[in-house]
Visitor: 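Right, I'll just put the structure down here and ask away after.
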Amino acid sequence: MAIWVSDTGDIVRAPKTGIEAAVEAVAAAIGICWAGIFFPTAVIGVLRYVADVHHSRSVDLEWRALSRT
């Protein structure tokens, strides 16, 4: 049985194999790409929603002003 120790003598896990490291790298790349697409899309969606609410309120105020005349 192999026991891996650090330079200070602490017991540590065995280093990752090439396949484990590759799978982790691919998963990280997919996660970063997903975040790079999701977050800007979410920000744009929120900004559009806020703009729509603002526009609806301004149109409503104009209709109220026109109905008073």
Visitor: Just jot down the salt bridge (charged side-chain N to carboxylate O under 4.0 Å, His left out) partners of Asp7, sequence neighbours excluded, or say none.
Guide: none
Visitor: Identify, with sequence neighbours excluded, every residue that meets side chain to side chain contact (heavy atoms under 4.5 Å, CB included) alongside Thr17.
Guide: Ile19, Glu20
Visitor: Give a yes or no on this: more than 12 heavy atoms of other residues, nucleotides or ligands lie within 6.0 Å of atom CD1 of Ile11.
Guide: no
Visitor: Apply the hydrophobic cluster definition, ILVMFWY joined by side-chain contacts under 4.5 Å directly or through others, and give me every member besides Trp4.
Guide: Val12
Visitor: Taking all atoms of both residues into account, what is the closest heavy-atom pair of Pro40 and Ala35, and its distance?
Guide: CD-O, 3.7 Å
Visitor: Salt-bridged, Arg48 to Asp52, with N to O below 4.0 Å?
Guide: no
